[in-house]
Amino acid sequence: MSTDPRRRVPRTDALLAEPRLAAAAERLGRSLVKDAVLRVQQQVRDGQLGPEDAADAALAALPERASSLQPVLNATGVLVHTNLGRAPLSAAAVEAIAAAAGTTDVELDLGTGRRGPRGEGAVGALLERVPAAEAAIVVNNCAAALALVATALGQGRELVLARGELVEIGDGFRIPELLAATGARLREVGTTNRVTVDDYRDALHDETGAVLKVHPSNFVVRGFTREVPVHELALALRGSRVPLVADVGSGLLAPHPLLPDEPDLQSTLAGGADLVLASGDKLLGGPQAGLVLGRAELVQRLRRHPLYRALRVDKTTLAALEATLRGPRPPVAEMLAADVGTLRGRARALAARLADAGVPAEAVDSQARVGGGGAPEHPLPSAAVALPAAFAEPLRRGPRPVVGHVDDDRTLLDLRSVPPAADDDLADAVLEVARRWT
Ligand SMILES: *Cc1c(COP(=O)(O)O)cnc(C)c1O
């Protein structure tokens, strides 16, 4: 018998035919399984692994699923965290996605067998929840909604907006740059801190395509400031035939008692805006989407514009959006409404459980935030489990990744952004890190 490990390397086809690996190839695809097989063969060749262990090692090295995106526990206290995929979807939305994922009646009327209007269910649900809107369309995200509006109403014309609303939303996404990229000319009015109705009125002329109001979601201007509320602007534009478009960003359907400064779709339309734009995956708590609601004639113009075809959403987004609107309260709304006493109770229970296992954990009060560019000045009272700072990295890199908030010399696991049903997973992840250390 040869002692040269290279001659004992199991053959690729033999490993791929091993029943457990063959089953994995059915589920994950042959190429992921083959990659794992090639890696363990190399380990055998290098003498790091016995040939008899190759199949087990390949199986252990397989990814859990064919996508590299992993579920992450969001313990940052930022409810809508853009880097963590913004709003977690409700169980109803996840179920709707699964049902629509195959072939589905997204554009077919099963009664007549003829082509039907695309996304009718989601649009109908939006109109029920926002009665001030006559019509609605759904596009890829709020940036797409802005691009569509700027193209359809502003191309070759002027878009009037306040200088203080030429904002950067995050990660280099600047609204004025997006608008200008569509070929619309921007007409800035007012100063950084102040704008009046007359500033807007003086800017109007034959080539005005629309007046745009952008909610400066992620910052506030304080002191000697003045902006023109939607209802005043609507009054000033009455009779001018220039549409007033309001980008409210966060996607609240109606006023929220806990977020008094956050504009909402219903009130903004009722206040006189002709169109409102918002994201689907911020405070609405649904899938990534851009919502456009308002006057039927304007919505129809957007729908008929060729660019709409490039920006429309797929069947799974429509399914998730409708289920978010019609189904039970989505996780973001639950997290926003969570009672701080309940959060403190969860933090104490978790900290006690961890301390019993020898982990230096402590329940503390904390401050959560809406995030996603919403209500920047509105901290939400919350509770967290405080751990030594050194926990942050291994928690993030663990088999069930947890992202916390590093504050001074501690890692805080804020419970407002963690669904209560995930507390056990959170405890297990911390215990797993502690176990690896001892
Ligand atoms: C977040 C936000 C956007 C961008 O929305 P996306 O859905 O991420 O494209 C645009 N405008 C405002 C006011 C926002 O808050």
Side-chain angles (χ1 to χ4, degrees), residues 78-89 122 126 136-151 153-154 159 161-182 184 186 210-221 227 229-230 233 244-253 256 259 261-265 267-269 273 275-294 302 307-308 310-314 317-318 320-321 324 330 332 336 369-378:
V78 179
L79 308 192
V80 177
H81 199 301
T82 299
N83 299 355
L84 296 178
R86 289 201 185 154
L89 296 178
L126 270 175
I137 50 172
V138 184
V139 290
N140 189 43
N141 55 17
C142 191
L146 275 166
L148 182 59
V149 163
T151 308
L153 306 182
L159 294 177
L161 75 168
R163 185 159 285 137
E165 296 177 7
L166 299 172
V167 298
E168 175 170 326
I169 295 294
D171 193 31
F173 168 47
R174 294 180 167 171
I175 286 185
E177 290 177 356
L178 173 80
L179 298 175
T182 67
L186 300 191
V211 171
L212 192 57
K213 241 189 103 60
V214 177
H215 178 57
S217 307
N218 50 6
F219 68 100
V220 292
V221 184
E227 65 158 337
V230 163
L233 206 45
L244 173 58
V245 181
D247 172 9
V248 303
S250 69
L252 278 183
L253 299 171
H256 196 292
L259 303 173
D261 298 330
E262 215 38 45
D264 65 276
L265 299 174
S267 311
T268 307
L269 283 173
L275 286 178
V276 288
L277 318 180
S279 295
D281 55 356
K282 292 181 179 172
L283 289 173
L284 183 64
Q288 179 187 305
L291 315 175
V292 184
L293 294 87
L302 300 181
L307 187 61
Y308 169 64
L311 302 176
R312 72 179 195 187
V313 293
D314 82 315
T317 300
L318 290 168
L321 179 61
T324 302
V332 170
L336 200 53
R369 285 187 293 130
V370 168
E377 291 287 283
H378 198 90

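Atoms within each ligand, like the ligands themselves, are counted from 1 in listed order.
Of all the atoms in ligand 1, the ones that sit under 4.0 Å from a non-hydrogen atom of Phe173 are 4 (C). Listed by atom number, the atoms of ligand 1 under 4.0 Å from Gly249 heavy atoms are 12 (C), 13 (C), 14 (C), 15 (O). Using a 4.0 Å cut-off to heavy atoms of Asp247, the atoms of ligand 1 that qualify are 10 (C), 11 (N), 12 (C), 13 (C). Within the listing of ligand 1, atoms 1 (C), 2 (C), 3 (C), 5 (O), 14 (C), 15 (O) sit less than 4.0 angstrom from a heavy atom of Lys282. Of all atoms in ligand 1, listed by their number and element, those nearer than 4.0 Å to a heavy atom of His215 are 13 (C). Each of the following atoms of ligand 1 lies closer than 4.0 Å to a heavy atom of Asn141: 6 (P), 7 (O), 9 (O).
Minimum interatomic distance between Ala278 and Leu265 (heavy atoms only, all atoms of both residues): CB-CD2, 3.8 Å.
Side-chain contact between Leu212 and Leu186 is absent, with no heavy-atom pair separated by less than 4.5 Å. When side chains are defined from C-beta on, Leu284 counts as touching Leu291, because their heavy atoms get closer than 4.5 Å. Here the side chains of Leu233 and Lys213 are in contact, with some heavy-atom distance below 4.5 Å.
Note that the NE2 atom of His81 and the CZ atom of Arg369 stand 8.0 Å from one another [nearest 0.5 Å]. Taking OG1 from Thr82 and CG from Asp281, the interatomic distance works out to 7.5 Å, rounded to the nearest 0.5 Å.
On a distance-only criterion, Arg86 and ligand 1 share at least one N/O pair closer than 3.5 Å. In terms of polar-atom proximity, Cys142 is counted as a contact of ligand 1, with an N or O under 3.5 Å from an N or O of the ligand. Residue-to-ligand polar distances place Ser279 within reach of ligand 1: an N/O pair is separated by less than 3.5 Å. Of the N or O atoms in Asp281, none lie within a sub-3.5 Å distance of an N or O in ligand 1. Where the criterion is an N or O separation shorter than 3.5 Å, residue side chain and backbone included, Ala143 meets it with respect to ligand 1.
In this structure, Ile175 counts as a contact residue of ligand 1, since one of its heavy atoms falls inside 4.0 Å of the ligand.
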Run the numbers on His378 and Asp261 for side chain to side chain contact (heavy atoms under 4.5 Å, CB included), then give the verdict. CA-CA 9 Å; His378 198 90; Asp261 298 330; 5.6 Å; no

Decide yes or no on side chain to side chain contact (heavy atoms under 4.5 Å, CB included) for Val292 and Leu148, but give the supporting numbers first. CA-CA 10 Å; Val292 184; Leu148 182 59; 5.5 Å; no

